[in-house]
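Here is the structure we will look at.
All chains are named by letter (A, B, ...) in the order of the sequence lines, taking the proteins before the strands, and each is independently numbered beginning at 1. Atom set for the values below is all heavy atoms of this structure, side chains included, hydrogens, waters and symmetry mates excluded.
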Amino acid sequence: MRVVAALSGGVDSAVAAARAVDAGHDVVGVHLALSRSPAANRVGSRGCCTIEDSHDARRVADVLGIPFYIWDLSELFESEVIDDFVSEYALGRTPNPCLRCNEKIKFTAVLDRAVAMGFDAVCTGHYARIVDGPNGRELHRAVDPDKDQSYVLAVLNEEQLSRAMFPLGDTYKADIRTEAANRGLLVADKPDSHDICFVPDGNTAGWLHNRLGDAPGDIIDATTGELVGQHEGAYAFTVGQRRGVGLGRPAADGARRYVVEVDTATSTVMIGPPTLLHIDHISGERARWCGPALTEPTQALVQVRAHGEAVPARIEVDGDVVTALLDDSLRGVAAGQALVIYDDTRVIGSSTINRATRR
Amino acid sequence: MVQTVYLDYAATAPMRPEALAAMTTELATVGNANSLHASGRRARRVVEESREAIAAVLNVQPRDVVFTSGGTEADNLGVKGIYAMRRLKDPNRRRILTSPIEHHAVLDPIESLGESGGADVRYLFADNVGRVDLDWLKVELERDSELIALVCVMWANNEVGTIQRVAEISELCKQFSIPFHCDAVQAVGQLPVDASLVDSLALSGHKVGGPIGVGALVLRPGLNPVPLLHGGGQERDVRSGTLDTPAIAGLAAAIVAANGDMAERTTRVRSLRDDLVERVTGTIENVTRNGDPDDTLPGVANLSFDGCEGDALLLLLDAAGIECSRGSACTAGVPQPSHVLLAMGLDPQTARSSLRFSLGMDSTQADVDRVVEVLPDIVSRARRAGTPRSPKDIK
């Protein structure tokens, strides 16, 4: 097969590309330039897309003996991922930009371009497995539970999965580092990327403040209705958050208080005891299926954040709307995150969480 | 393994055998051209004979030739050195007139002088084939001649090949006694270049079949730019640094050889280039040529492929063994739409769809035939890749 290997400059994509080469594919390395001003955040950045990263990616391609190119997708990344990220926060929701990037950039823009140019597949260093099942291609969790990224890939449909290649899904991260070192890849010891790639210093609230400005409002105790403080922008708060609320004094009963509701329309942040965070009824929109769509009510597992437990729930689907009725309640589920539905290790599909309530 | 078809001479040309021979001889020989002993004198003789050979080709005196580390240094020394010299003599001379189609080796030092050197930078206009508007230059010179430090216009453009009216610019500048710096990096070896027309002329070794890492600034007698590099003062106190005897020998051998076969070689290269342009534009729809079709470098063909991204074309051509160029600089590794094409009035989309093929000494009819053979399929693939599904179409 002719394969485009996305090379971020990190260790995972490097080993993924190396494995694609070993498998006998005709591989071309492509570094995606996603940031608008790569030079601006070259030093000390913890994200991807820096000058150093594109240099590292080039050196990986050299070691593997494959051609290397940089594709500039910064305009599309800005409009499809960053703008969406900002507008979702402005609505008081907590989006997952990695998921969005996989959906719109890596497995749509990049994949479409690659296919048009005569390539058969896009290879990435994601930790997930693609398995040929009885009903076509299936997306499964990686064997390494700590690194599993099936959650952020749960937006890929069968067509996209048929052209995706994830060579790392069967391996533990520690072994990937060893393999990278054995292959002579200089990125073997490079730290993992964390946080959000376009927020170079990791300070999401500060980054959002630069984009959205001041939107001061009240912090209100949800149980008493009492005004307990002020904030500079409701968008900076996420349901379930405890730290950084900035209250000068504890609750009367001394209990910890959490953000339980964010309303950007009225610029109000509600706080309350953890009991108010317990929900068992999640509804989501924009259903996406990684194989055959669910039509009948089904008992399955659901995961509501990138690094969370999967919990049992009954799933009901009505067109584009997915409802999950949880067997047991969960705490702190934020709108904007993905509700990913699993059958054991297999990803059935996902939807974007609209509302989480208590039955 | 696919056969490589190298059509990127304007980026760098293969070394001419004459240059390689001259250089390898010198590389194996010891001698600092500024040493007083026999080895030093021997090296010095090679340097001076090289200087004389280059001066003869360019119609100047040997003492006018200052060796540098390449075209970029020569342009920087010409631009910054003459600007500083002029301001030292008259602090009011802050203005630099330049064209929007210059190479970055000229544009960037000028921009830097504008940002932190007190320069007042004025850009001239280029027309839709990339020729600098001389009426505008005349207006600027007449209006404010006492404020102008220097004029910088290139001899021939590296991206589209358009040749500028150097003799007329030279006349105008002489009329107002304004120094004229000319970047002739692409012109030397491709056209007869009379360096005595200008006050300061930059050239580079590797564009004429010499080595990378050597060039020269040719200065009118009496014009002494403020140095960029201070030290031993080896090059008439305008440029310091131990003379690179092997590279200088290679540079001279290449320039002399290129001058010797210029008529025959450029006639052949021009006809190959014309054949390429004619057959590509004749067989593929919506391909347009950029630049002046007549007053142009013999080997350069800049073509826009409507609906394509230049980097998609490059990838596919590369896979087929054909090496050409976007013809524009990269910013942080990311190709930007060419400032030259934008200055010629192309929209960013069209500018991004452009490729530069540049032919040279060893180019063959088989090279052109290969491009004509594979390009239609590559363009249709790149056109499909250039118009992906809008993400909005995907739920």
- Message: My understanding is that only residues two or more places apart in sequence, or in another chain, count here; which of them pass ring-ring contact (aromatic ring centres under 6.0 Å, His included) with B/H206?
- Response: none
- Message: Whether A/D72 and B/R352 form a salt bridge (side-chain N of Lys/Arg under 4.0 Å from carboxylate O of Asp/Glu) is what I want to check.
- Response: no
- Message: Counting only heavy atoms not in A/E285 (residues, nucleotides, ligands), do more than 12 fall under 6.0 Å from its CD?
- Response: yes
- Message: Would you say that more than 12 heavy atoms from the other residues, nucleotides or ligands in this model lie under 6.0 Å from the CD of B/E373, or not?
- Response: yes
- Quick one: CD on B/E309 to CZ on A/R113, what's the gap to the nearest 0.5 Å? 5.5 Å
- What part of A/F119 is in contact with chain B, defined as an atom under 4.5 angstrom from a non-hydrogen atom: side chain, backbone, both or neither? side chain
- Contact list (residues 312-320 of chain B to chain A, heavy-atom gap under 4.5 Å, by number) returns B/A312, B/L315, B/L316, B/D318, B/A319
